[in-house]
Amino acid sequence: MRTMTMITAWAMAGSALVAAAAPALAADATLKIESWRNDDLQIWQEKIIPDFEKSHPGIKVTFQPTAPKEYNAALNSKLDAGTAGDIIACRPFDASLELFKKGQLTSVNDIAGMSNFSDVAKAGWSTDDGKTSFCVPVAAVLHGFIYNKDAFAKVGIKDVPKTDEEFFADLDKIKKDGTYVPLAMGTPDQWEAATMGYQNIGPNYWKGEDGRAALIAGKEKLTDEAWVAPFKELAKWGAYMGDGFKAQSYPDSQNMFTLGRAAIYPAGSWEIAQFQSQAQFPMGAFPPPVPKAGDPCYVSDHPDIAFGMNAKTKSPEAAKTFLTWVASPEFAKLYANALPGFFSLQSQPVPTDNALAKEFVGFRDSCKSTMRSTYQMLSRGTPNLENETWVESANVINGTDTPEQAAAKLQKGLDSWYKPGK
Amino acid sequence: MSQIEKLSLDVPSIPAATAGTVRQAPARRWYILVFLAPALLVYSALMVIPLADTLRLSLYRKVDQTSVFVGFANFGRLFGDPNWSVHFWQALVNNIYFFIFHLLLQNPIGIALAALLSLPKLRGRSFYRTAFFLPTMLSFVIVGFTWKLILSPIWGVAPTLLGFVGLKSLFHPWLGLESSALTTLALISVWQFVGIPMMLIYAAMLSIPEEVIEAAELDNVTGFAQFWKIKLPLILPTIGMCSILTFVGNFNAFDLIYTAQGALAGPNYSTDILGTFLFRTFFGNQLQLGDPNMGATIATMMFLIILIGVSIYLFGVQQRMRRYQL
Amino acid sequence: MMYTTRTSPLTRGVVHLVLVAYTLLCIGPVLLVAINSFKSRAAIFRSPLSLPDATTFDLIGYRTVLGQGVFARYFLNSMIVTLGSLGCVLLFGAMAAFALSEYRFKGNKLLGLYLSLGIMVPIRLGTVAILNMMVASRLVDTHLALILIYTAQGLPVAVFILSEFMQGISKDLKDAGRIDGLSEYTIFFRLVLPLMRPAVATVAVFTMIPIWNDLWFPLIVAPGEATKTVTLGAQVFIGQFVTNWNAVLAALTLAIVPVLVLYLLFSRQLIRGITAGAVK
């Protein structure tokens with residue numbers, strides 16, 4: 001607990017410093033934000049930035065997103081050359097940790113409001129020993145399934161499926177009825193198979209944080225039943241996906257669902273805003289089904305985005321002011337309502353008005369939260385576990401590999417470089 | 001620069017190329033330097049030095065934020081560690097397949113189109129020429145996206161079109177199948193780039209001296225025979241040049257596959273070529289951190305492969321072709 | 001023109017059939033994008049192959065796109081960068097190719113090889129060093145930075161192709177010039193360059209395409225609003241509206257149009273050059 005008090009003390013000192021510095025920066029400062037969320041450009045321009053600029057005259061903010069695919073490469077090049085923006089959107093875990101180690105991100109321990117976040121919330125952007133945080137957590141995303149309520153009514157499904165057995169029984173019903181494609185998902189982009197497939201349903205088998213910690217500690221292996229089981233479930237999905245799902249891209253799947261052609265969409269909560277603006281039918285959400293009735297349920301509640309400060313910024317004080325604002329409850333409220341589906345990581349729950357977002361955030365009450373198994377520590381070496389999980393999850397659904405083969409490959413790759421406990 | 005100056009200025013005797021002229025060869029021919037300087041300057045500063053810097057990285061390894069010289073250890077790793085070598089060989093094999101596919105398809109189509117376009121008194125020539133060159137003008141973003149849409153099983157353009165000719169059952173999600181994804185991408189790439197050999201060969205055909213054609217006509221060599229016996233041999237050097245440009249292009253290719261299949265070049269790495277392997281390694285992907293040292297090692301290998309290919313062309317094929325032409 | 005036309009109507013028909021078929025293959029996909037950009041979202045999916053009619057016609061995609069960025073500005077940026085680099089590549093490239101193919105001097109072959117090294121490695125690999133250089137010379141977010149990079153990128157291929165063509169120029173002409181006492185510069189600019197027009201036009205087209213379509217260097221070296229190119233603008237767009245196919249198709253159509261116009265402008269020059277070179 002001593003560290004906590006230390007942090008609080010630092011934070012208070014920091015905020016005093018910022019407060020003292022505030023009048024000095026009346027001279028205009030311009031902050032450039034680097035982010036991969038190009039989807040959110042409009043929301044930043046129209047809602048978030050005006051709000052900040054109104055309460056902080058003298059600081060101008062521009063939001064300069066890069067497509068997610070190019071973000072890491074472009075950002076690293078710009079940081080190396082010193083041309084990156086002042087505020088950096090941080091990917092969770094190693095990518096940002098590496099930037100911090102290179103001295104390109106600064107510690108944010110002294111930002112007022114860091115006490116608004118629990119250690120778990122900060123874990124994605126802290127050093128391995130947890131002592132230093134280098135980004136202010138912004139949002140987590142939840143996994144689950146979004147379904148078309150009309151489709152469920154049409155084929156006579158009254159309650160959302162709670163167990164695997166019910167899940168597949170419902171899929172069978174939808175398939176038999178024939179009006180809707182049961183599952184809107186494809187495999188060519190691969191990451192959906194891993195993220196919305198394996199990491200979505202997996203925690204119920206490997207028992208969330210317990211399993212994840214055991215894997216990192218080397219007490220469990222990916223070839224154990226708890227880790228192979230989700231692959232076995234995935235292997236059954238192919239039969240319920242659309243014709244030609246092997247070439248159905250991510251936008252294809254999104255369109256398929258929002259045009260009302262599919263019944264269930266294995267989802268991440270980030271889809272909410274877009275789906276609501278495009279779909280013409282009522283939607284609902286349910287958490288990943290558990291293996292047997294009465295089993296405890298777990299849900300992937302994954303830290304996704306945070307903001308840090310470029311160590312080479314020319315306006316460090318303005319940048320700190322911005323980060324302090326990001327750590328405040330006002331920002332959390334603004335962000336949560338502007339971008340439903342990105343849930344604040346602050347300890348105080350942030351109310352949201354969005355019905356579908358409410359359903360998602362409700363998963364937190366009934367199920368235990370965990371995060372994606374491959375993110376912390378396990379994707380540091382070669383072969384990269386996250387990449388391989390993408391490839392193998394797609395292979396399992398495509399039928400290229402059996403669940404056992406996939407698990408064996410992943411474990412073999414991990415064994416080649418990861419020595420637990422070191 | 002000083003070395004280049006020396007190279008270009010210390011010319012003692014009358015050069016062979018201008019030996020027949022009256023003009024005395026000056027001891028120092030400054031104009032050569034003037035002609036070469038702008039290109040050499042820009043090229044050296046912005047291409048050679050940065051690239052040399054990158055290749056140099058292949059001899060280093062980062063340990064705790066500091067670069068350590070490791071000699072050829074990175075190459076040992078690339079070929080000795082199955083985690084690397086499997087991907088490297090697979091990418092190389094895919095790349096060779098990609099290139100051979102281009103060679104066998106792009107040149108013949110290019111020649112055929114150029115031959116048709118250069119037929120005398122062809123109506124609509126400029127329209128056709130523009131149309132054939134259109135795909136070459138498009139960015140990878142557009143090409144990748146458009147073909148993904150057309151081949152998408154959801155949008156249904158390809159199945160519908162096949163349905164018109166009663167072949168709907170032939171439709172498969174080609175881009176998503178390990179067996180056909182690379183071939184499909186190669187076809188798209190040929191579709192996009194066939195305009196280049198077509199234009200070059202077309203230009204070469206137009207520059208065949210009229211006297212040659214007239215002489216052939218007088219000897220009653222026309223039509224296909226004329227094409228085979230007269231035109232084709234004369235445009236062989238151009239075809240050679242197209243092939244080597246294609247070779248270099250293919251072994252540097254990356255954008256199309258990256259746009260269509262992502263950096264992991266799925267499904268199951270079946271469309272992975274050296275360019276995508278390099279990009280993934282150098283710049284990283286999702287949770288994979290970029291590794292400039294191993295990336296540079298792969299880049300060096302690509303460089304060597306292309307160097308060997310170009311040398312074979314320059315010192316083997318091209319010389320022989322010249323002789324043949326004479 | 002002394003060609004005798006011995007082609008029968010049948011042969012001519014077959015030739016046109018082949019040409020038209022291939023034209024469809026080339027234009028079809030682009031047309032498909034263009035047609036669907038004028039339709040409503042539901043219609044795009046229901047009947048992608050039909051033309052827009054009264055019920056399905058919808059400009060929502062264009063409204064979204066044009067309501068967003070400043071495409072005119074992006075277009076101007078692309079023009080400046082493309083034409084600037086093109087000018088440098090052609091001039092410097094032709095000069096270097098002339099020197100290499102015209103004069104024999106020690107290290108000629110070596111220099112030729114040195115210049116063609118650049119064909120073999122993608123310049124993208126030098127990104128970090130290039131960016132450092134641009135930062136040091138304060139060229140980040142300027143058109144000049146992009147022009148310099150693209151000049152370096154275009155030179156190897158330009159020199160390669162131009163040297164190939166240079167060798168075909170008659171020696172007598174140049175020697176006649178030398179007898180008349182013309183300087184080497186005059187020989188190059190007055191005698192050789194005009195003859196090189198077809199090759200130069202060809203190189204121009206091939207150099208222009210990758211420059212216009214490049215995404216990487218604008219993203220790294222000049223991402224600012226004032227220097228953003230059309231391709232980068234369109235890409236930000238496609239990323240942003242990836243599921244909004246109306247907007248994506250409209251953005252794609254808008255990105256194709258300028259390239260097409262540019263090519264049509266150039267292609268006249270290109271063809272005139274080609275025919276001029278051939279007929280003499």
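Chain letters run A, B, ... following the sequence lines, proteins first, then strands; residues in each count from 1.
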- Query: Who passes salt bridge (Lys or Arg N to Asp or Glu O under 4.0 Å) against A:K101, sequence neighbours left out?
  - Reply: none
Exam field: side chain [X] to backbone [Y], donor-acceptor pair closer than 3.5 Å:
| X | Y | answer |
| --- | --- | --- |
| B:K148 | B:A260 | yes |
| B:N95 | B:N250 | yes |
| B:Q261 | B:L182 | no |

Report which part of [X] has an atom under 4.5 Å of a heavy atom belonging to chain B: side chain, backbone, both, or neither.
| X | value |
| --- | --- |
| A:S77 | side chain |
| A:R261 | side chain |
| A:A394 | neither |
| A:T187 | neither |

Looking at [options], which one has more heavy-atom pairs under 4.5 Å with chain B than the rest?
| options | value |
| --- | --- |
| A:V391, A:N387, A:N398 | A:N387 |
| A:D401, A:T400, A:N384 | A:N384 |
| A:W417, A:Y71, A:F93, A:W390 | A:W390 |
| A:G242, A:G244, A:G103 | A:G244 |

Check residues 45-54 of chain B and write down every donor-acceptor pair under 3.5 Å in which the side-chain atom is one partner and the other belongs to a residue at least two apart or another chain.
from, atom 1, to, atom 2, distance (Å)
B:D53, OD1, B:R56, NE, 3.4
B:D53, OD1, B:R56, NH2, 3.0
B:T54, OG1, B:P50, O, 3.1
B:T54, OG1, C:L125, O, 2.8

- Message: Report which part of B:F282 has an atom under 4.5 Å of a heavy atom belonging to chain A: side chain, backbone, both, or neither.
- Response: neither
- If you count heavy-atom pairs under 4.5 Å between each of B:F171, B:W84, B:Y258 and chain A, which one has the most?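 Maximum pair count with chain A is reached by B:Y258.
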- Looking at B:N285, B:L264, B:D291, B:L149, which has the largest count of heavy-atom pairs under 4.5 Å with chain A? B:L264
- Note on the structure: Residues of residues 267-277 of chain B with a heavy atom under 4.5 Å from any heavy atom of chain A, in residue-number order, are B:P267, B:N268, B:Y269
- Message: Determine whether B:I150 and B:W147 satisfy the following criterion, side chain to side chain contact (heavy atoms under 4.5 Å, CB included), listing intermediate values before the conclusion.
- Response: CA-CA 5 Å; B:I150 293 172; B:W147 277 101; 4.3 Å; yes
- Task: Would you give the length of the straight line joining atom CZ of B:F79 to atom CZ of B:F72, rounded to the nearest 0.5 angstrom?
- Result: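 CZ of B:F72 is found 12.0 Å from CZ of B:F79.
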- Looking at A:Y265, A:W270, A:F281, which one forms a ring pair (Phe, Tyr, Trp, His ring centres under 6.0 Å) with A:F275?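 Only match with A:F275 under ring pair (Phe, Tyr, Trp, His ring centres under 6.0 Å): A:Y265.
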- Query: Do the charged groups of A:D128 and A:R380 touch, with an N to O distance under 4.0 Å?
  - Reply: yes
With a 3.5 Å cut-off and sequence neighbours excluded, list the donor-acceptor pairs that the side chains of residues 152-164 of chain B form with protein atoms.
from, atom 1, to, atom 2, distance (Å)
B:S152, OG, A:D252, OD2, 3.3
B:S152, OG, B:I154, N, 3.0
B:S152, OG, B:W155, N, 3.1
B:W155, NE1, C:I44, O, 3.1
B:T160, OG1, B:G156, O, 2.3

- Task: Flag yes if more than 12 heavy atoms outside B:D81 fall under 6.0 Å of its CG atom; otherwise flag no.
- Result: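 Yes, because the 6.0 Å sphere around CG of B:D81 holds more than 12 heavy atoms from other groups.
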